[in-house]
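Just so it is clear, the values below take in all heavy atoms, side chains as well, and ignore hydrogens, waters and symmetry mates. Indexing begins at 1, ligand by ligand and atom by atom, following the structure's order. Treat the numbers as computed from the prediction; the structure is a model and nothing was measured.
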Amino acid sequence: MRSGDTLARLSGDEFTILLENVTNVSNVVVIAERIAEQLQSSFYIEQQEVFITASIGIACNTSGKERPEDFLRNADAAMYEVKNKGKAHYKVFDLNTKSYAQKHIRLEAELRRAIEHEEFLVYYQPVIQLETGKICEVEALVRWQHPQRGLVSPADFIPIAEETGLIVAIGQWVLQTACKQAQMWQLKYPNQPPLILNVNLSPKQFQQPKIAEKIIQTLNETGLNPYCLKLEITESMVMENEETTIAMLRKLKELGIQLAIDDFGVGFSALNYLKQFPIDTLKIDRAFINGLGQSVTDTAIVHAIIAFAKALNLSITAEGIETVEQITQLRALKCDRAQGYYFAKPLTIEVFNSFLELSYLYSAKQNTHFCYQNGLANQGMLTCSLQANYQNKT
Ligand code: C2E
Ligand code: CA
Ligand code: CA
């Protein structure tokens with residue numbers, strides 16, 4: 001900064017710099033870049049090396065009519081855009097930022113309304129046991145049935161739900177709905193091994209002080225046995241806030257609830273946490289499965305993850321299976337379970353019920369599995385393909 005510029009700390013980790021007498025926005029950008037560059041060096045806090053990044057939003061005096069609060073609001077909107085698009089950058093406020101910020105505000109309001117009006121749906125995606133080809137688990141995946149826009153994918157609303165804390169209510173609803181459903185399947189098919197229900201837990205949900213109690217209460221209310229619930233969390237979630245996290249996870253574990261690390265391999269992978277946390281399952285991210293048998297690196301990574309999980313006594317679910325070749329490879333590697341479009345996309349409860357019915361109908365045959373070909377789902381038809389083994393023709 002130049003002497004005469006003002007630096008203020010507005011709140012926790014928010015700082016504001018006021019640059020007066022700037023003739024050109026490019027001069028401001030130079031300063032933003034300089035700040036970002038300075039912050040690249042690490043800091044030492046109690047001998048621990050830490051890194052930080054800055055998201056910088058810039059608002060300029062363009063009309064001469066801006067009030068101080070306009071500057072702050074515009075800079076804030078620009079900063080949020082930077083944050084949402086991946087941090088560690090700067091953004092100069094412009095009309096796009098304005099519409100981005102407005103869209104953001106509108107989405108938040110709509111989400112609040114959606115919670116009130118219960119506009120959410122749970123879709124279910126089967127998880128298949130590779131050795132037997134039979135369905136063994138199911139993942140609950142939320143959808144938003146928007147009155148005008150139709151079905152909205154979680155990728156389009158979970159980030160804002162997370163940021164605003166609305167995910168807590170949405171996530172609780174998903175847990176409750178899916179547990180109730182899983183309990184109903186058990187009553188309907190008492191002679192089948194119970195399906196293990198996988199539910200995603202968001203960081204905000206996870207940070208709630210009484211989350212373990214809430215989950216236990218939900219299980220009590222729905223009657224689902226804790227052994228039939230597997231919570232999916234991400235690596236970054238277990239790495240923050242370690243002590244309280246360990247205590248909470250142990251509590252869930254003692255009750256019999258299973259824990260899985262979702263999207264394994266794409267996060268920080270500071271493997272040390274696996275030693276301390278009572279994890280049952282690693283879900284290998286689709287990014288690696290995609291390249292299985294095609295990319296040397298991806299194939300090596302999948303081999304390594306499976307070997308590593310076996311050594312630590314963890315079970316493995318491979319995500320994003322789209323081809324028979326991937327299944328063949330994963331079976332050879334003795335991967336436990338697989339989930340992906342090859343078997344079925346996430347299905348509405350009605351279609352999933354048919355899937356389950358057929359799946360059990362054919363489960364008497366050895367070495368068969370069947371898939372639900374999704375193209376036909378749109379026509380409301382259900383098809384099942386039986387395979388004598390994975391190599392044979394359908
Ligand atoms: P995720 O937990 O990793 O879920 C798997 C995602 O991969 C799902 O996307 C699923 O539809 C997709 N997928 C599964 N198999 C295949 C495949 O073979 N090929 C391809 N290309 N994709 C496949 P979806 O349902 O859109 O969910 C996206 C993410 O949103 C989820 O990723 C999860 O992180 C989040 N999410 C979904 N439901 C919930 C929820 O109830 N709570 C929370 N906190 N997050 C949720
Ligand atoms: Ca998941
Ligand atoms: Ca995943």
Worksheet entry | Member of Leu347, Ile349, Leu195 meeting the side chain to side chain contact (heavy atoms under 4.5 Å, CB included) criterion with Tyr124 | Ile349
Response to the item:
side chain to side chain contact (heavy atoms under 4.5 Å, CB included) test vs Ile306 passes for just one of Asp336, Leu282, Leu333, namely Leu333
Heavy-atom protein neighbour under 4.0 angstrom from [atom]:
atom: atom 6 (C) of ligand 1; value: no
atom: atom 22 (N) of ligand 1; value: yes
atom: atom 32 (O) of ligand 1; value: no
atom: atom 9 (O) of ligand 1; value: no

Worksheet entry | Option passing side chain to side chain donor-acceptor pair (under 3.5 Å) with Glu119 (candidates His146, Arg113, Arg143) | Arg113
Practice prompt. Answer yes or no as to whether an N/O/S atom of Asp263 is found below 3.0 Å from the Ca ion (ligand 2).
Written response: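 So Asp263 does not count as coordinating the Ca ion (ligand 2).
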Fill in: Short N/O/S contact of Asn198 with the Ca ion (ligand 2) (below 3.0 Å)
no
Item to complete: Look at atom OH of Tyr227 and say whether more than 12 heavy atoms of other residues, nucleotides or ligands are closer to it than 6.0 Å.
Response: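 No.
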Would [X] count as a contact residue for ligand 1, given that I'm defining contact as a non-hydrogen atom of the residue lying under 4.0 Å from a ligand atom?
X: Lys345; result: no
X: Lys283; result: no
X: Gly171; result: no
X: Glu139; result: yes
X: Ala155; result: no

Item to complete: Would you please test Lys251 and Glu213 for salt bridge (charged side-chain N to carboxylate O under 4.0 Å, His left out) and show each step?
Response: CA-CA 9 Å; Lys251 199 163 176 182; Glu213 285 78 1; 2.8 Å; yes
Worksheet item: Less than 4.0 Å between a side-chain N and a carboxylate O, is that true for Arg73 and Asp70?
Response: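 Answer for the salt bridge query: yes.
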In terms of atom number and element, which parts of ligand 1 are under 4.0 angstrom from non-hydrogen atoms of [X]?
X: Gln125; answer: 14 (C), 15 (N)
X: Val174; answer: 41 (O)
X: Ile321; answer: 18 (O)

Give the residue, atom name and distance (to 0.1 Å) of the protein heavy atom nearest [atom].
atom: atom 24 (P) of ligand 1; result: Pro154 CG, 3.7 Å
atom: atom 4 (O) of ligand 1; result: Leu141 CD2, 3.6 Å
atom: atom 46 (C) of ligand 1; result: Ile158 CD1, 3.7 Å
atom: atom 43 (C) of ligand 1; result: Asn200 CB, 3.7 Å
atom: atom 1 (P) of ligand 1; result: Asp262 OD2, 3.9 Å
atom: atom 44 (N) of ligand 1; result: Ser202 CB, 3.4 Å
atom: atom 3 (O) of ligand 1; result: Asp263 OD1, 3.2 Å
atom: atom 38 (N) of ligand 1; result: Val142 N, 3.1 Å

Worksheet item: Below 3.5 angstrom, do we get any N/O pair linking Gln339 and ligand 1?
Response: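 Between Gln339 and ligand 1, no N or O pair is found under 3.5 Å apart.
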Discussion item. Considering both backbone and side-chain atoms of Ile167, is one of its nitrogen or oxygen atoms within less than 3.5 Å of a nitrogen or oxygen in ligand 1?
Written reply: no
Practice prompt. Give the atom name of whichever N/O/S atom in Asp262 sits closest to the Ca ion (ligand 3).
Written response: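 This residue's closest N, O or S atom turns out to be OD1.
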Item to complete: Return the option from Tyr123, Trp173, Tyr341, Tyr342 holding the heavy atom at the smallest distance from atom 17 (C) of ligand 1.
Response: Tyr341
Discussion item. To make sure I understand the geometry: which N, O or S atom in Glu232 is closest to the Ca ion (ligand 2)?
Written reply: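 For Glu232, the N, O or S atom at the smallest distance from the Ca ion (ligand 2) is OE1.
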Worksheet item: What is the name of the N/O/S atom in Glu139 that sits closest to the Ca ion (ligand 2)?
Response: OE2
Worksheet item: Arg331 side chain to Glu131 main-chain N or O, any donor-acceptor pair under 3.5 Å?
Response: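 Such a contact is found between Arg331 side chain and Glu131 backbone.
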